[in-house]
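Report on the structure given below.
Values below: all heavy atoms of this structure, side chains included; hydrogens, waters and symmetry mates excluded.
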Amino acid sequence: MRQADVNQVRKVLGNYVGQRVKVKANMGRHRYNISEGVILETYPSIFTIKLKNDDESKNARDKFVSYSYTDVLTKDVQLTVYN
């Protein structure tokens with residue numbers, strides 16, 4: 001894996017900050033977690049996503065996840081951007 005590839009993923013994801021995305025994350029042993037959210041921020045090594053809250057109660061907290069750019073390169077995390 002080259003640093004140029006990581007930089008390219010970082011740059012592309014930086015263009016989608018604030019956009020709604022579908023996240024398919026590999027949980028191992030042929031299990032996947034599929035959710036929707038919004039890309040919040042990009043950092044030098046990771047990016048963060050605020051997940052859609054399915055629970056409508058007042059006590060429900062927002063969930064945040066972070067992934068590295070190498071997760072996208074290795075396809076452990078797959079993102080689909082909604083228009």
Side-chain angles (χ1 to χ4, degrees):
M1 188 173 347
R2 296 186 328 222
Q3 184 64 30
D5 295 335
V6 174
N7 289 336
Q8 184 178 8
V9 171
R10 182 183 304 126
K11 191 181 298 184
V12 169
L13 286 176
N15 293 333
Y16 291 119
V17 170
Q19 294 286 322
R20 198 170 67 121
V21 293
K22 179 173 125 179
V23 182
K24 183 178 178 183
N26 185 351
M27 303 301 287
R29 296 189 178 252
H30 304 291
R31 293 178 299 160
Y32 289 90
N33 182 12
I34 300 174
S35 54
E36 292 184 8
V38 174
I39 298 176
L40 286 182
E41 293 188 56
T42 59
Y43 297 99
S45 299
I46 61 168
F47 61 97
T48 57
I49 297 176
K50 177 181 175 184
L51 296 180
K52 181 179 172 185
N53 193 354
D54 293 334
D55 189 10
E56 297 297 328
S57 68
K58 287 185 177 181
N59 295 333
R61 292 187 170 204
D62 293 332
K63 294 182 181 179
F64 298 90
V65 294
S66 62
Y67 299 107
S68 70
Y69 301 110
T70 56
D71 291 335
V72 175
L73 283 174
T74 59
K75 298 187 180 173
D76 284 337
V77 173
Q78 299 174 9
L79 300 172
T80 305
V81 179
Y82 293 113
N83 290 333

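- With rounding to the nearest 0.5 Å, the separation of NZ in Lys24 from OG in Ser35 is 12.0 Å.
- The closest side-chain heavy-atom distance from Val23 to Ile34 is not below 4.5 Å.
- In this structure, CD1 on Ile49 lies 11.5 Å from CZ on Phe64, to the nearest 0.5 angstrom.
- No hydrogens or angles considered: nothing links the side chains of Tyr32 and Gln78 as a donor-acceptor pair under 3.5 Å.
- Partner Thr70 forms a side chain to side chain contact (heavy atoms under 4.5 Å, CB included) with one of Asp76, Asp5, Val6 and no other, that one being Val6.
- Interatomic distance, Leu51 CG to Glu36 CD, rounded to the nearest 0.5 Å: 10.0 Å.
- Annotation: side chain to side chain contact (heavy atoms under 4.5 Å, CB included) contacts of Asn33 (sequence neighbours excluded): Met27.
- Side-chain heavy atoms closer than 4.5 Å link hydrophobic residues (I, L, V, M, F, W, Y) into clusters, and following such links, even through other members, never connects Val17 to Val38.
- No more than 12 heavy atoms of other residues, nucleotides or ligands sit less than 6.0 Å from atom OH of Tyr16.
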For this session: Could you walk me through whether Leu13 and Tyr69 pass side chain to side chain contact (heavy atoms under 4.5 Å, CB included), step by step?
Result: CA-CA 9 Å; Leu13 286 176; Tyr69 301 110; 3.9 Å; yes

Name the atoms and distances for all side-chain donor-acceptor pairs under 3.5 Å in residues 39-48, with sequence neighbours left out.
| residue | atom | partner | partner atom | Å |
| --- | --- | --- | --- | --- |
| Glu41 | OE1 | Tyr43 | OH | 3.2 |
| Glu41 | OE2 | Tyr43 | OH | 3.3 |
| Thr48 | OG1 | Glu41 | N | 3.3 |

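- Other residues, nucleotides and ligands place no more than 12 heavy atoms under 6.0 Å from the CD atom of Gln8.
- In this structure, the salt bridge (charged side-chain N to carboxylate O under 4.0 Å, His left out) partners of Lys50, at least two apart in sequence or on a different chain, are Asp62.
- Under the 3.5 Å distance criterion, the side-chain polar atoms of Ser68 are matched with a main-chain donor or acceptor of Asp71.
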